[in-house]
Each structure stands twice: as structure tokens, then as C-alpha cells.
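What follows is a short report on a single structure.
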There are 2 protein chains.
Amino acid sequence: MNNGRFAIALHILTLLDKAKGELLSSAYLAGSININSAMVRKELSNLREYGFVESKEGKNGGSILAISANEITLGEVYQSVRQLSLLGNQKNTPNPKCPVGKNINEHLNNLYNDTELVLIEQLSKQSLADFSKKFG
Amino acid sequence: MNNGRFAIALHILTLLDKAKGELLSSAYLAGSININSAMVRKELSNLREYGFVESKEGKNGGSILAISANEITLGEVYQSVRQLSLLGNQKNTPNPKCPVGKNINEHLNNLYNDTELVLIEQLSKQSLADFSKKFG
DNA sequence: TTGTACTGTAATAAAAATAATTACAGAATG
DNA sequence: CATTCTGTAATTATTTTTATTACAGTACAA
């Protein structure tokens, strides 16, 4: 992993939790996060796919949590924004003639996968509600 | 984290372990990894700072492990190449007027730090020797 | 003592990934 | 039917990462 999307997603979800069912517009969310509202809508679109939020179009529209903050773990949030492998192996094209080079990607992938599972397990110990509680 | 340096560092260290004390040149290492030898030397420079390798300049020079592969854990390798926080928070300048925005960086940092500790703990279960063994 | 084969490092350039912006069609409300 | 939203695509900008080039300095060996 490697991007700020986790922070943005979690920020959005925390704000929605605090709003307690009131619809929040992407412009409002963007104001708190201090990013562009189109970025917020893009992230909301992803969160929607994962079933974390629902949005209402049109005037007075906005977004709310689709499920309770207790039912969303930070591990799930992580997975929703995850794109690359944890330790990043964008390209990695070692020399296949070298016994190490030939096999390192396989071993690296196993290592990354195992490690990421532990990371997700750790993040999953905390729910969105737990996180949100920290904000007084 | 976020970069391919972990893979490169581990690749270098594995090759050095396999070489069993024979000096390997940056050109040779680069050939197996399939990257530029200046990149290898840069990474070797870092690994040297961490005490993992030693290099010898001049003709017939090259690098060797400075300590036993049993004494190097993958957690330490991770830490040697680590630069950003695990989940990436390059910039993140939320609105300080928002109760969530004002405090989220602190909570995020705590979360990232805790999570990274667990990740390092997990990686530290495996030594370079363990990893190297996988390559027949 | 000099040619050769290395390392060390800095400066620069290229590429890739990420983030931001702009734009506009479509939906819901009043 | 004007207004205020969302959804999404297209584009641009920025930042990060990776690669390249260059060259001084070191050590060996004839």
C-alpha cells in the first residue's frame, strides 16, 4: 500500500458516523478533509461498492453510512482502498537465468501476502466506531 | 511503505548469502536483479549503514554480508528501507476548524504506528537465512 | 607506475503513480 | 423549471520513484 486513500476513506467514514444519519454532501466532506469534492465523490463511489455508504442524488442529496460503524472494521476499510501489494512490487523483472532471480518473485509474493494478512488482522481489531469514538 | 526497495534490498542480501563470503560486484548483483548497477550501489550504501554488508573498493572489490544471515531479520531489512509511514500520509492537511479534521492526523498516526509495529514483528519472525533457504 | 576494474556519490532525466481540476449530464426537490 | 446535488470521464498537474550518466577515488597486479 502506498496511498493517501486510506486516510481519506477513514476521514469520510468518521464524518458520516458523527453525522448520525444526516446526509452529508461531498462539498461538506471535502471541506473537512481539505480536498476537491470530485475526489470525495470518487472515494464515495468506491465505499458504496463495498456497501459502507449510500448516497442520494439530486437536491438535498448526500451520503450516509449504509451499515453501523460497529460493523465496519478498519481492516475492511484498508481492503477497500488497497490496490498494490503491501510492500510494492510494481514491476520487478529479475533475471530468470539466475537461480535467485528466477524464484524471488514467488517467494516475495508469499511473504507479502502473509504479511498483509497479519496487517489486516491487526487493523480488523478496531471498528470504525472505535476509531470514531476517539474524536470526543 | 511503498517502494520496491524492500525487494531490491532482500534480493541483494539473498545473493550475498548464497555467495558465502565471496565478494560480489554491483554489476553482478545488478545483473540478477535486472536494474542499474548504480542503483545497486546506492542500496548497498544504505545496507552498509545498517551494518548488514561490507564493501571493498577497487579492483576485485565487491560486497559481502557483514554479519550472519541468521542475525538479520526481515523486519530489520524492512526498517532499513522504510521511509514513509506504512499507509502513506504524504501530505494531509485537513481543516483545523472541523473537530474531526483537527484531530485526525494524530489518531491516524497512532494507528499507523501501532500497525507498523505489528507488521515489523511479523516480518521479524523470519531471518534472511530462512528466506534464503527457500532458494534450493 | 600505470592500466584496469572496481566503488561511491552526485546530478540529471525519465517514468510512473497519485492527486487535483474541470466539465457536464442526470437526478431529486421545492 | 430553476436549483442543488451526485456520478463520472477526461485532462492536467504534482509528486514520488526509478533510471541513467558521469566521474573522482581506491586497490590490485603486471
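Chain identifiers are assigned alphabetically (A, B, ...) following the order of the sequence lines, protein sequences preceding nucleic acid strands; residue numbering begins at 1 within each chain.
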For B/Tyr78 and B/Glu116, does a side-chain donor sit closer than 3.5 Å to a side-chain acceptor? yes

What's the closest nucleotide to the B/Arg5 side chain, out of C/dT7, C/dG3, D/dT18? D/dT18

Interatomic distance, A/Glu57 CD vs D/dG7 P [rounded to whole Å]: 5 Å

Enumerate the residue pairs fulfilling ring pair (Phe, Tyr, Trp, His ring centres under 6.0 Å) with a member in residues 38-77 of chain B, sequence neighbours excluded, ordered by first and then second residue. none

Among B/Asn46, B/Ile72, B/Leu13, side-chain contact (heavy atoms from CB on, under 4.5 Å) partner for B/Val53: B/Leu13

Modelled atom types, side-chain donor and acceptor of B/Asp130 and B/Ser127, under 3.5 Å: yes

For atom CG of B/Leu23 and atom C1' of D/dT26, their distance in whole Å: 14 Å

Could you report the tightest heavy-atom contact between B/Leu47 and B/Ala9, atom names first, then the distance? CD2-CB, 4.1 Å

Option from B/Leu44, B/Ile64, B/Leu15 for which side-chain contact (heavy atoms from CB on, under 4.5 Å) with B/Leu24 holds: B/Leu15

Just how far, in rounded Å, is P of D/dT17 from CZ of B/Arg82? 12 Å

d(CD, A/Glu22; P, D/dC5) in whole Å: 12 Å

In residues 31-42 of chain B, which ones come under 4.0 Å of DNA chain D, going by heavy atoms? B/Ile35, B/Asn36, B/Ala38, B/Met39, B/Arg41

Minimum heavy-atom distance A/Leu123-A/Leu74, with the two atoms named: O-CB, 3.4 Å

Protein-nucleotide distance (A/Phe6, atom CZ; C/dT18, atom C1'), rounded to Å: 18 Å

Quick check on contacts: within residues 43-52 of chain A, what sits under 4.0 Å from DNA chain D by heavy-atom distance? A/Ser45, A/Arg48

Once you measure the plane-to-plane angle for A/Tyr112 and B/Phe6, does it fall in the parallel (<30°), tilted (30-60°) or perpendicular (>60°) bin? tilted

Assert: residue with more 5' nearest nucleotide on DNA chain C, out of B/Ser63 and A/Asn60, is B/Ser63

